[in-house]
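One structure is given below, encoded as structure tokens.
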Amino acid sequence: MAKTVGDSGRGRSQAVHRALKRAILDQALSPGAKLPEDSIGERLGVSRTLVREALVRLSEEGLVDLRPNKGATVARPTLEEGRNLFLTRAALERLVVETLAGKLTPDQIETLSAHIQAEDAAKKEHATSIRLAGEFHTLLAQMTNNASLIRYVNELVARSSLILALYGRPHSSDCAVSEHQELLDSLIAGKAEVASKLMTHHLDSITTRALLPREDDRNIKDVLSAYAAAEGLA
Ligand SMILES: [Zn+2]
């Protein structure tokens with residue numbers, strides 16, 4: 001993918017998209033934050049039209065909410081959406097590792113190993129570690145050369161990063177780095193079934209480890225349902 005910003009509107013629009021996306025995923029812009037076209041355009045030195053294009057694309061990726069007459073805001077997905085998203089990712093990413101098991105080239109192995117090392121080094125920086133962890137998954141998807149798989153995994157990973165930024169607990173991705181290494185080892189060894197199980201477990205544990213509702217996010221009905229059942233109430 002070309003990263004150069006040309007004079008063309010398209011190149012500039014992509015650069016605006018990348019800048020905003022990075023700011024959202026790094027949590028520099030928090031969920032619910034307003035995204036006024038005029039201030040963004042002024043700051044980035046581009047027209048409102050280009051900002052608008054970038055915002056539409058971000059809304060298609062689920063990172064931005066666009067409401068008529070209300071303007072754009074950084075998306076605020078629910079916990080339920082978060083859980084569903086990780087379930088969907090697990091299904092798609094099982095296909096990724098099944099495709100790659102035993103087929104990684106030495107170059108690809110080197111790229112993935114270097115990435116895992118970078119993740120390890122960034123462990124203590126919450127936002128950066130979320131981004132790097134996501135990139136490990138998109139890197140794997142890219143290596144399948146399956147265009148639709150790459151596209152969907154990219155979109156879901158970007159949205160997961162936002163959800164983790166919103167609901168993730170500090171250090172909730174602490175053991176993810178060792179899990180990434182285990183995944184890579186199983187791919188190198190050509191153990192498709194092991195890799196598939198590891199991926200399921202990995203995404204499942206992110207869901208249970210990181211996506212627990214915080215006290216103040218809990219709905220009174222959810223809290224009471226377990227107690228109601230235990231007491232034989234409806
Ligand atoms: Zn991971």
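Just so it is clear, the model here is predicted, and its values are computed rather than measured.
- A donor-acceptor contact closer than 3.5 angstrom is absent between the side chains of S161 and R131.
- If you take NZ on K103 and OG1 on T105, they are separated by 13.0 Å, rounding to the nearest 0.5 Å.
- Between the T207 side chain and the L203 main chain, a donor and an acceptor come within less than 3.5 Å of each other.
- Listed here is the closest heavy atom pair of V74 and L35: N-CD1, 3.8 Å.
- Residue E110 qualifies as open at atom CD: its count of foreign heavy atoms under 6.0 Å is 12 or below.
- The closest side-chain heavy-atom distance from L184 to L104 is below 4.5 Å.
- The two residues A75 and L162 have their closest heavy-atom pair at O-CD2, 3.7 Å.
- Distance CD/E193 to OG/S186: 11.5 Å, rounded to 0.5 Å.
- Remark: the backbone N or O of S196 is not paired with any side-chain donor or acceptor of R94 at under 3.5 angstrom.
- Of all heavy-atom pairs between L55 and A72, the closest is CD1-CB, 3.9 Å.
- Among all heavy-atom pairs drawn from S129 and A122, the shortest one is CB-O, 3.7 Å.
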Item to check | L20 and V16: CA distance, side-chain angles, deciding distance, side-chain contact (heavy atoms from CB on, under 4.5 Å) verdict | outcome: CA-CA 6 Å; L20 288 173; V16 174; 4.0 Å; yes
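- Put simply, CD1 on I188 and CG on L183 are 11.0 Å apart, with the number rounded to the nearest 0.5 Å.
- Scanning for side-chain hydrogen bond (donor to acceptor under 3.5 Å, both in side chains) contacts around S30 gives an empty result, with sequence neighbours left out.
- Partners of S160 according to the side-chain hydrogen bond (donor to acceptor under 3.5 Å, both in side chains) rule, which considers only residues two or more places apart in sequence or in another chain, are R89.
- Residues M143 and L112 are in side-chain contact: their nearest non-hydrogen atoms beyond the backbone lie under 4.5 Å apart.
- The two residues A133 and E119 have their closest heavy-atom pair at CA-OE1, 3.5 Å.
- Under the 4.5 Å side-chain criterion, counting only non-hydrogen atoms from C-beta, E93 is not in contact with L140.
- L198 is not listed as a side-chain neighbour of V97, based on a closest heavy-atom distance of 4.5 Å or more.
- Transitive grouping of hydrophobic side chains (ILVMFWY, heavy atoms separated by less than 4.5 Å) brings V157 and I116 into a common cluster.
- Closest of all the heavy-atom pairs between S13 and A54 is O-CB, 4.1 Å.
- Put simply, CG on L50 and CG on L44 are 10.0 Å apart, with the number rounded to the nearest 0.5 Å.
- The line from CG of L139 to CD of Q108 is 9.5 Å long, rounded to the nearest 0.5 Å.
- Contact check for K21 versus R57: no side-chain heavy atoms found under the 4.5 Å cut-off.
- Distance check, rounded to the nearest 0.5 Å: NE2 of H201 to CD of E179 gives 5.0 Å.
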Item to check | side-chain contact (heavy atoms from CB on, under 4.5 Å) between I24 and V64, intermediate numbers included | outcome: CA-CA 9 Å; I24 292 170; V64 160; 3.9 Å; yes
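- In terms of the side-chain contact (heavy atoms from CB on, under 4.5 Å) criterion, residue partners of L92 (sequence neighbours excluded) are, by chain and number, L149, Y152, V153, L156.
- Applying the ring-ring contact (aromatic ring centres under 6.0 Å, His included) criterion to F136, with sequence neighbours excluded, gives H180.
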Checklist entry - Can you list the steps and then say if E155 with R151 is a salt bridge (Lys or Arg N to Asp or Glu O under 4.0 Å)? => result CA-CA 6 Å; E155 284 191 21; R151 186 181 149 198; 3.5 Å; yes
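- Screening residues 59-70 for side chain to side chain donor-acceptor pair (under 3.5 Å), with sequence neighbours left out, gives H17-E61.
- Residues forming a side-chain hydrogen bond (donor to acceptor under 3.5 Å, both in side chains) with D204 (at least two apart in sequence, or on another chain): none.
- Using a 4.5 Å heavy-atom threshold, the side chains of H137 and M199 count as touching.
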Next on the checklist: I'd like to know whether R83 forms a side-chain contact (heavy atoms from CB on, under 4.5 Å) with L87, so could you lay out the CA-CA distance, the side-chain angles of the two residues, the decisive distance to 0.1 Å, and finally the verdict.
Outcome noted: CA-CA 6 Å; R83 296 206 178 97; L87 271 179; over 6 Å; no
